[in-house]
Amino acid sequence: MDEQRDPAHEPGTGLDRRAELSEFLRTRRARLKPEDMGLPDFGRHRRVPGLRREELAQLAGVSVAYYTRLEQGHGQNVSAEVLDSIARALRLTDAEHAHLTHLAKPKQHKKKPAARAQQVRVALRQLLDSIDGVPAYIVGRRSDILAWNRMAAAVFGDWAELPPQERNWARLVFLDPAYRELFVEWDQKQSDMVGFLRMDAGCHPDDPRLSALVGELSLKSEEFRRLWARHDVKEKSHGVKRLRHPLVGELTLSFERFRLVDDAEQSLITYHAEPGSPSAEALRLLASWGADATRAGGAASAPSTG
């Protein structure tokens with residue numbers, strides 16, 4: 001199937017890493033309850049939600065001044081040991097811990113031409129085409145959909161019918177009403193999508209296209225604005241999705257995410273059904289219908305999201 005072609009470079013300066021670090025720490029601190037941490041709760045005399053900075057600093061074993069400076073976005077000289085202590089005090093998940101590290105101590109990435117398309121190796125596209133009965137696709141930076149097989153088009157809709165710049169999971173989830181009908185657990189899908197973008201932003205805060213995408217979604221979707229303000233981050237390597245397909249009804253599919261060793265910015269996503277299940281039979285039917293299923297199925301056959 002078609003491969004993503006990046007649009008012309010959009011001007012922008014990326015996201016403010018210091019502001020991202022500050023807000024992430026503040027929102028993680030606000031969600032903790034003092035009583036859960038073995039600290040006294042002064043009830044209505046407590047002026048801030050969650051823990052105070054001095055309480056968090058005490059739990060992490062650092063000075064209040066040091067933590068305050070970090071929460072203000074100054075993480076240049078923080079050590080990995082201190083970040084580990086703060087992560088434990090904030091009870092961060094593995095994904096949140098990684099996000100904190102990316103924000104506080106960003107890695108130096110080699111500069112890549114901003115307008116260069118993300119390239120999917122020929123052998124990978126051949127692999128996608130050779131996988132029968134299993135929806136599979138490759139995603140890249142900013143949740144861009146780069147390549148896919150016929151079964152992915154039959155399940156999710158024919159992304160080839162969309163303009164290249166609209167082949168992006170975040171744009172589809174928040175701006176295309178048809179996808180609201182496709183995903184049964186719609187709220188969870190939205191939350192996951194924002195969490196993935198947050199992880200991407202932590203790794204690449206200077207990406208102007210990511211900043212432009214966040215700006216567009218914030219402008220056009222109230223749901224996106226609300227979820228983005230929570231600063232939640234997520235990373236999933238496997239799970240289960242329930243879909244409401246227009247041709248074969250409800251599907252329960254397990255997905256696996258395989259990050260490419262030679263390009264960590266690309267991942268292969270596959271979906272499969274439990275053998276002998278109604279969902280497995282539904283996938284078999286979609287495969288047997290061929291191009292007819294691709295034209296009629298999924299959500300991308302809906303009008304352009306513009």
Evaluate the side-chain proximity of [Y] to [X]: yes if any heavy-atom separation is below 4.5 Å, no if none is.
X      : Y      : value
Leu197 : Leu213 : yes
Leu243 : Phe183 : yes
Tyr137 : Leu146 : no
Leu268 : Leu128 : yes
Leu25  : Leu90  : yes
Asn168 : Arg142 : yes
Leu172 : Ile145 : yes
Val139 : Phe196 : no

Q. What pairs of residues pass the salt bridge (charged side-chain N to carboxylate O under 4.0 Å, His left out) test when at least one of them lies in residues 59-75, not counting sequence neighbours?
A.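 For residues 59-75: Arg29-Glu71, Arg53-Glu71.
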
Q: Only pairs at least two apart or in different chains count here, so list each salt bridge (charged side-chain N to carboxylate O under 4.0 Å, His left out) that has a residue in residues 196-205.
A: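 Of all non-adjacent pairs touching residues 196-205, those that pass salt bridge (charged side-chain N to carboxylate O under 4.0 Å, His left out) are Glu20-Arg198.
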
Q: Would you sort out whether Gln190 and Glu223 count as a side-chain hydrogen bond (donor to acceptor under 3.5 Å, both in side chains), showing the intermediate values?
A: CA-CA 8 Å; Gln190 288 185 310; Glu223 293 166 317; 3.0 Å; yes

[atom1]-[atom2] distance between [X] and [Y], expressed to the nearest 0.5 angstrom:
X      : Y      : atom1 : atom2 : value
Leu51  : Arg31  : CG    : CZ    : 11.0 Å
Leu92  : Leu100 : CG    : CG    : 6.0 Å
Arg257 : Ile269 : CZ    : CD1   : 4.0 Å
His102 : Leu21  : NE2   : CG    : 13.0 Å
Arg141 : Arg209 : CZ    : CZ    : 7.5 Å
Arg150 : Ile131 : CZ    : CD1   : 12.5 Å

Mind checking salt bridge (Lys or Arg N to Asp or Glu O under 4.0 Å) for [X] and listing every partner two or more places apart, or none if nothing turns up?
X      : answer
Arg17  : none
Glu281 : Arg284
Arg28  : Glu96, Asp232
Asp192 : Lys234, Lys236, Lys241

So, for [X] and [Y], which heavy atoms are closest and what is the spacing to 0.1 Å?
X      : Y      : answer
Ala89  : Leu32  : O-CD1, 3.6 Å
Ala147 : Arg125 : CB-CG, 4.4 Å
Ala98  : Met199 : CB-CE, 4.5 Å
Ala273 : Ala280 : CB-N, 3.4 Å
Arg171 : Leu217 : CA-CD2, 4.1 Å
Pro135 : Val155 : CG-CG2, 3.7 Å

Q: Tell me, please, which residues at least two apart from Phe224 pass ring pair (Phe, Tyr, Trp, His ring centres under 6.0 Å).
A: Phe174, Trp228

Donor-acceptor pair, side chain of [X] and main chain of [Y], under 3.5 angstrom:
X      : Y      : result
Glu166 : Pro163 : no
Ser221 : Ser218 : no
Ser279 : Leu253 : no
Ser22  : Ala19  : no
His245 : Ala154 : yes

**Q.** side-chain hydrogen bond (donor to acceptor under 3.5 Å, both in side chains) assessment of Asn149 paired with Asp129
**A.** CA-CA 5 Å; Asn149 66 2; Asp129 292 338; over 6 Å; no

Q) Should Val134 and Met151 be marked as a side-chain contact (heavy atoms from CB on, under 4.5 Å) after you check the CA-CA gap, both sets of side-chain angles, and the distance that decides it? A) CA-CA 6 Å; Val134 174; Met151 279 302 297; over 6 Å; no

Can you sort out the partners of [X] under side chain to side chain donor-acceptor pair (under 3.5 Å), two or more places apart, ordered by chain and number?
X      : answer
Glu181 : none
Thr101 : none
Ser85  : Arg88
Arg18  : His74

Q) How far apart are the C-alpha atoms of Asp263 and Arg121, what are their side-chain angles, what is the distance that settles it, and do they pass the salt bridge (Lys or Arg N to Asp or Glu O under 4.0 Å) test? A) CA-CA 10 Å; Asp263 187 349; Arg121 289 188 286 109; over 6 Å; no

Q.
The test is side-chain contact (heavy atoms from CB on, under 4.5 Å); show your working for Val82 and Tyr67 and say whether it passes.
A. CA-CA 10 Å; Val82 168; Tyr67 177 77; over 6 Å; no

Q) Checking side-chain contact (heavy atoms from CB on, under 4.5 Å) for the pair Val248/Trp289: CA distance, chi angles, key distance, verdict? A) CA-CA 11 Å; Val248 295; Trp289 290 337; 3.8 Å; yes

**Q.** Plane angle bin for Phe156 and Trp159 - parallel if under 30°, tilted between 30 and 60°, otherwise perpendicular
**A.** parallel

Q: Return the set of residues passing side chain to side chain contact (heavy atoms under 4.5 Å, CB included) with Val261 (not counting sequence neighbours), or none when no residue passes.
A: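 Per chain and number, Val261 pairs via side chain to side chain contact (heavy atoms under 4.5 Å, CB included) with no residue.
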
Q: Spell out, yes or no, whether Leu283 and Leu285 are grouped together once hydrophobic residues are joined by side-chain heavy atoms under 4.5 Å, including indirect joins.
A: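 Yes, one cluster joins them.
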
Q) Is Val184 linked to Tyr271 within one hydrophobic cluster, defined over Ile, Leu, Val, Met, Phe, Trp and Tyr using a side-chain heavy-atom separation of less than 4.5 Å? A)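 No, separate clusters.
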
